[in-house]
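Read through the structure below, which is laid out as structure tokens, and then see the notes.
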Amino acid sequence: MSVDGRGTAPASVGAGRDAASSPVPGAAPTDLDDLRAALGDRLLTDPASLAACAVDSSRAQPEGLPLAVVRATSTNDVSTALAWAHARGIRVSVRGAGTGLSGGAVAYAGGLVISLEAMNRILDIDVDNRLADVEAGVITADLDAAALAHGLFFPPDPASAQWSTIGGNIATNAGGLRCVAHGVTTDVVAALEVVLADGRVMRTGARTRKNTTGYDLTSLFTGSEGTLGVITAATVRLKPVLPGQPRTFRASFDDIEDAGRAVTAIVSGPAAPEVLELIDARSVEIIEAFHPSGLPSPGAAMLVGQTVGLAAHETAAAIADICRAHGAAETEISDSDSLLEARRLANPALTAQGLRVSCDVGVPVAALATVFRGIGEIAARHGRRIAVVAHAGDGNLHPTVEAGETPEEYAAAELVIDDITRLALSLSGTISGEHGIGSVKRHELPWQQDATALDVQRAIKAALDPGGILTPGRAV
Ligand SMILES: Cc1cc2nc3c(=O)[nH]c(=O)nc-3n(C[C@H](O)[C@H](O)[C@H](O)COP(=O)(O)OP(=O)(O)OC[C@H]3O[C@@H](n4cnc5c(N)ncnc54)[C@H](O)[C@@H]3O)c2cc1C
């Protein structure tokens with residue numbers, strides 16, 4: 001899948017659908033024949049489709065080629081595939097668009113991949129109830145565009161919205177640029193259709209605003225990273241677009257700690273932005289080298305954000321005042337979206353430079369200045385440059401360690417990430433604000449969660465997937 005000429009996301013499955021299909025050597029041919037008889041050309045074994053699922057967008061190493069890919073077009077396809085894998089003890093990975101940054105969708109060698117990419121129908125936009133019913137493979141930005149036609153929008157706004165799927169967003173409990181105002185994905189999921197590891201189909205939640213019936217299974221599956229079930233459809237909440245011309249604002253700082261203090265003051269005050277992001281000077285340099293847009297270079301860091309509603313200009317002006325009071329060297333308010341577009345390019349720009357060793361730690365917003373100071377100290381201690389972009393209003397940071405592409409360089413960069421993660425935890429933060437654990441952060445889990453909490457999660461996993469076939473060894 002080519003991304004807008006500006007970057008690339010992992011290849012789509014089905015790229016080689018017309019190529020001759022042949023079972024992988026070592027697979028049990030009769031077993032696969034059973035599945036092929038049930039799924040027909042939705043079972044892919046051509047090399048291009050297998051290779052496309054061996055990686056996601058993270059730095060996780062491929063584990064080998066899967067046996068086959070199920071390009072599901074219905075809930076029944078997913079159910080058939082899971083019942084087949086369950087009966088044979090075959091490991092299954094689940095895949096939306098493969099934009100994940102934690103290794104959760106990477107195929108298992110000799111495993112089965114279930115791809116939701118072709119289940120991409122928007123089933124209904126229920127304007128009166130501000131709900132949308134979608135299949136799991138709907139692209140996030142497509143839902144947002146469909147909602148916009150009714151004066152509504154889908155609040156979560158990951159920077160990957162042009163490529164990621166709603167199912168992937170739910171499975172990772174994705175965040176994004178608008179979360180400072182509207183919360184994360186779990187805040188907008190009303191109901192789910194899920195296929196369990198043994199192939200049984202289950203529905204959770206309700207279409208009502210309030211629902212206290214039974215355990216909150218919708219929340220349990222949200223953020224479960226493909227380990228508890230395959231999400232095939234969802235009912236999600238939409239919000240109305242506010243009247244008035246949105247404004248974007250920029251504030252440049254010569255000291256990144258001042259920028260952190262400004263964010264804390266903005267978020268604790270009455271002037272509420274819809275977006276509040278930070279891009280440090282090094283990231284601005286990398287983004288401009290990737291896609292020049294005339295983004296002015298700050299001394300240390302810039303805050304960029306957006307305000308909406310009839311008072312958008314006044315709100316942006318109040319935020320600019322706060323920034324100046326906290327040391328901003330320069331502020332700007334405009335009608336253009338280009339500042340936010342530049343922010344959305346941060347990940348593709350870093351990836352184009354081979355910079356993939358990053359994380360998504362979170363800290364309470366009042367700790368932002370302290371965490372920025374600590375990251376500077378860690379960079380100096382390791383003798384490495386660290387580029388930082390952040391969903392600053394959420395206290396959610398993406399530091400990326402500059403390192404070469406050899407295994408030794410990667411290993412050295414991982415040690416830097418470990419130190420940043422411990423720093424975030426020392427400030428009452430979290431090891432993952434939005435990307436999930438997958439395989440790349442699994443070693444960090446016990447740093448944040450106690451043994452009992454880990455036991456409880458593994459017990460839930462064992463109850464729902466006793467054979468351990470669904471995304472085993474990842475997330476929990
Ligand atoms: C350029 C770029 C920018 C990004 N910006 C953001 C951002 O701002 N905020 C953010 O939160 N993330 C961001 N990400 C990470 C990524 O886009 C999100 O994690 C996204 O939610 C993944 O969606 P996907 O469809 O690509 O899922 P995949 O990568 O295919 O899968 C991700 C995980 O979800 C599971 N999964 C996928 N679909 C299902 C399903 N239907 N049922 C059960 N499990 C499933 C997979 O097994 C895997 O564990 C970014 C990534 C890139 C490349």
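Order of appearance sets the numbers: ligands from 1, and atoms from 1 within every ligand. It should be emphasised that the depicted structure is a prediction, and the values quoted were computed from it without experimental measurement.
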Numbering the atoms of ligand 1 from 1, which are under 4.0 Å from a heavy atom of [X]?
X	answer
His391	8 (O)
Gly96	25 (O), 28 (P), 30 (O), 37 (C), 38 (N)
Trp163	1 (C)
Leu116	41 (N)
Leu101	14 (N), 15 (C), 50 (C), 51 (C)

- Message: Could you tell me if the side chain of Gln457 sits less than 4.5 Å from the side chain of Thr227, heavy atoms only?
- Response: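 Side chain of Thr227 against side chain of Gln457, heavy atoms only: no contact under 4.5 Å found.
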- Query: Can you tell if the side chain of Leu470 reaches within under 4.5 Å of the side chain of His86, non-hydrogen atoms only?
  - Reply: no
How about [X] and [Y]: does a side-chain donor come under 3.5 Å of a side-chain acceptor?
X	Y	value
Ser164	Thr140	yes
Thr248	Arg250	no
Thr430	Gln448	yes
Ser293	Glu341	no
His391	Asp360	no
Ser79	Asn76	no

Out of [options], whose heavy atom sits nearest [atom]?
atom	options	value
atom 25 (O) of ligand 1	Val230, Thr165, Thr227	Thr165
atom 49 (O) of ligand 1	Gln162, Glu225, His398, Arg343	Glu225
atom 48 (C) of ligand 1	Gly103, Ala475, Gly104, Gly229	Gly104

- Item | Full working for side chain to side chain donor-acceptor pair (under 3.5 Å) between Thr80 and Asp77 | CA-CA 5 Å; Thr80 301; Asp77 285 352; 5.5 Å; no
- Message: side-chain contact (heavy atoms from CB on, under 4.5 Å) for Ile375 and Ile256? Distances and angles first, verdict last.
- Response: CA-CA 11 Å; Ile375 289 173; Ile256 193 169; over 6 Å; no
- Message: Quick one, Ser58 with Asp56, criterion side chain to side chain donor-acceptor pair (under 3.5 Å). Give me CA distance, side-chain angles, the key distance, then yes/no.
- Response: CA-CA 6 Å; Ser58 73; Asp56 62 6; 2.6 Å; yes
- Message: Out of the candidates Val195, Val230, Thr232, only one should pair with Val201 under the side-chain contact (heavy atoms from CB on, under 4.5 Å) rule; please name it.
- Response: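 Exactly one candidate clears the test, Val195.
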What protein heavy atom lies closest to [atom]? Include the residue and the distance to one decimal.
atom	result
atom 27 (O) of ligand 1	Gly168 CA, 3.6 Å
atom 35 (C) of ligand 1	Ala171 CB, 3.6 Å
atom 20 (C) of ligand 1	Asn169 ND2, 3.6 Å
atom 11 (O) of ligand 1	Gly175 N, 2.9 Å
atom 31 (O) of ligand 1	Ala105 CB, 3.8 Å
atom 42 (N) of ligand 1	Ile231 N, 2.9 Å
atom 28 (P) of ligand 1	Gly98 N, 3.6 Å
atom 32 (C) of ligand 1	Thr172 CG2, 3.8 Å

Short N or O distance, [X] and ligand 1, threshold 3.5 Å exclusive:
X	answer
Gly100	yes
Asn347	no
Ser164	no
Ala159	yes
Ala174	no
Thr471	no

Does [X] approach ligand 1 within less than 4.0 angstrom via side chain, backbone, both or neither, non-hydrogen atoms only?
X	value
Thr99	both
Ala136	side chain
His435	side chain
Arg474	neither

- Report the C-alpha distance between Val476 and Ile437 in whole Å, list the side-chain angles of each, state the deciding distance to 0.1 Å, and finish with yes or no for side-chain contact (heavy atoms from CB on, under 4.5 Å). CA-CA 8 Å; Val476 292; Ile437 302 303; over 6 Å; no
- Query: Run the side-chain contact (heavy atoms from CB on, under 4.5 Å) check on Leu278 and Leu368 step by step: do they pass?
  - Reply: CA-CA 11 Å; Leu278 176 140; Leu368 274 171; over 6 Å; no
- Closest approach of Cys179 to Asp394 (non-hydrogen atoms, all atoms of both residues): CB-OD2, 3.5 Å
- Please assess Arg207 against Asp133 for the test salt bridge (charged side-chain N to carboxylate O under 4.0 Å, His left out), listing each intermediate value before the final yes or no. CA-CA 10 Å; Arg207 299 181 74 78; Asp133 294 292; 2.9 Å; yes
- Mind checking whether Gly438 has a heavy atom under 4.0 Å from ligand 1? no
